[in-house]
Amino acid sequence: SVHVEARCELSETTGLEIIVQGENAEVAHVVVPAAGEIGIEVAVAGTVEPWQPNGRGEQPLYLVRCRLLGSERTILDEEVRVVGFRQIEWKQCEGAPEGAEPWICCVNGQDLFLQGANWVPIRMTYGSVTAPMYHKLLTTYVGLGFNLLRVWGGGILEKQAFYDYC
């Protein structure tokens, strides 16, 4: 499913349209009334291929398009994102004491040993970071077999290119 939250402050807004498209087909399409704060869970019809961690398979991506609609379904605003669908859960370690935190990561029903690195800003001057810099580092990490990057919370939000490459 796809979870969408929106805040509609335009008086002429009449609906929110959500479209999820795969490589060859549309897998979800809903239109709901829009006013004020909206939170909606959109069920994805049919089968979507799960996004797999590095080294475990393919990473199929889907296009999610959210449109604020006006009268006669005119598009007032639109946001488009690329997403992958996966299921993550944390499982108890075998033999762990009662009440211990779960530390086994399970992705799409398979246990996964997490191996990766902490990501910190790659340059002190954020404005000088380029998309090829992200690509070079992230490609290196993929080649090393990393399946996790922990983005340091004390840093900055990276540019969209970072998230696109991830």
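Treat the numbers as computed from the prediction; the structure is a model and nothing was measured. Below, each value reflects all heavy atoms present in this structure, side chains not excepted, and no hydrogens, waters or symmetry copies.
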side-chain hydrogen bond (donor to acceptor under 3.5 Å, both in side chains) partner of Glu158, chosen from Tyr126, Tyr165, Trp119: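 Considering Tyr126, Tyr165, Trp119, a side-chain hydrogen bond (donor to acceptor under 3.5 Å, both in side chains) with Glu158 is found only for Trp119.
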Just checking [X]: does its [atom1] atom have more than 12 heavy atoms from other residues, nucleotides or ligands closer to it than 6.0 angstrom?
X: Glu41; atom1: CD; value: yes
X: Arg81; atom1: CZ; value: no
X: Leu157; atom1: CG; value: no

Among Val142, Leu112, Val107, which one satisfies side chain to side chain contact (heavy atoms under 4.5 Å, CB included) with Asn147? Leu112
Between [atom1] of [X] and [atom2] of [Y], what distance do you get to the nearest 0.5 Å?
X: Thr140; Y: His135; atom1: OG1; atom2: NE2; result: 9.5 Å
X: Tyr134; Y: Ile122; atom1: OH; atom2: CD1; result: 5.5 Å
X: Gln115; Y: Leu144; atom1: CD; atom2: CG; result: 10.0 Å
X: Leu114; Y: Leu149; atom1: CG; atom2: CG; result: 11.5 Å
X: Glu79; Y: Arg67; atom1: CD; atom2: CZ; result: 12.5 Å

Closest approach of [X] and [Y], non-hydrogen atoms and distance?
X: Ile88; Y: Cys105; value: CG2-SG, 4.2 Å
X: Gly22; Y: Tyr62; value: CA-CD2, 3.3 Å
X: Asp111; Y: Arg56; value: O-NH2, 2.8 Å
X: Arg123; Y: Ser128; value: CD-OG, 3.6 Å

Do [X] and [Y] share a hydrophobic cluster (ILVMFWY, side-chain heavy atoms under 4.5 Å, transitive)?
X: Ile40; Y: Val27; result: yes
X: Val4; Y: Leu61; result: no
X: Tyr163; Y: Leu137; result: yes
X: Leu138; Y: Phe146; result: yes
X: Val20; Y: Val31; result: no

With distance as the sole test, does [X] use its side chain to make a donor-acceptor pair with the main-chain N or O of [Y] at under 3.5 Å?
X: Asn108; Y: Trp51; answer: yes
X: Glu78; Y: Leu76; answer: no
X: Lys159; Y: Val129; answer: yes
X: Thr74; Y: Ser71; answer: yes

Taking only Lys NZ, Arg NE, NH1 and NH2, and the carboxylate oxygens of Asp or Glu, determine whether Glu89 and Lys91 approach each other closer than 4.0 Å.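 Judged by the 4.0 Å cut-off on N to carboxylate O distance, Glu89 and Lys91 do not form a salt bridge.
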Could you check whether any side-chain heavy atom of [X] comes within less than 4.5 Å of a side-chain heavy atom of [Y], counting everything from C-beta outward?
X: Phe85; Y: Pro60; answer: no
X: Leu63; Y: Val82; answer: yes
X: Gln52; Y: Glu58; answer: no

Would you please test Leu16 and Leu68 for side-chain contact (heavy atoms from CB on, under 4.5 Å) and show each step? CA-CA 5 Å; Leu16 176 66; Leu68 281 179; 4.0 Å; yes
Kindly determine whether Glu17 and His29 satisfy side-chain hydrogen bond (donor to acceptor under 3.5 Å, both in side chains), including the steps that lead there. CA-CA 7 Å; Glu17 179 180 45; His29 190 155; 2.7 Å; yes
Determine whether Cys106 and Trp90 satisfy the following criterion, side-chain contact (heavy atoms from CB on, under 4.5 Å), listing intermediate values before the conclusion. CA-CA 6 Å; Cys106 183; Trp90 292 95; over 6 Å; no
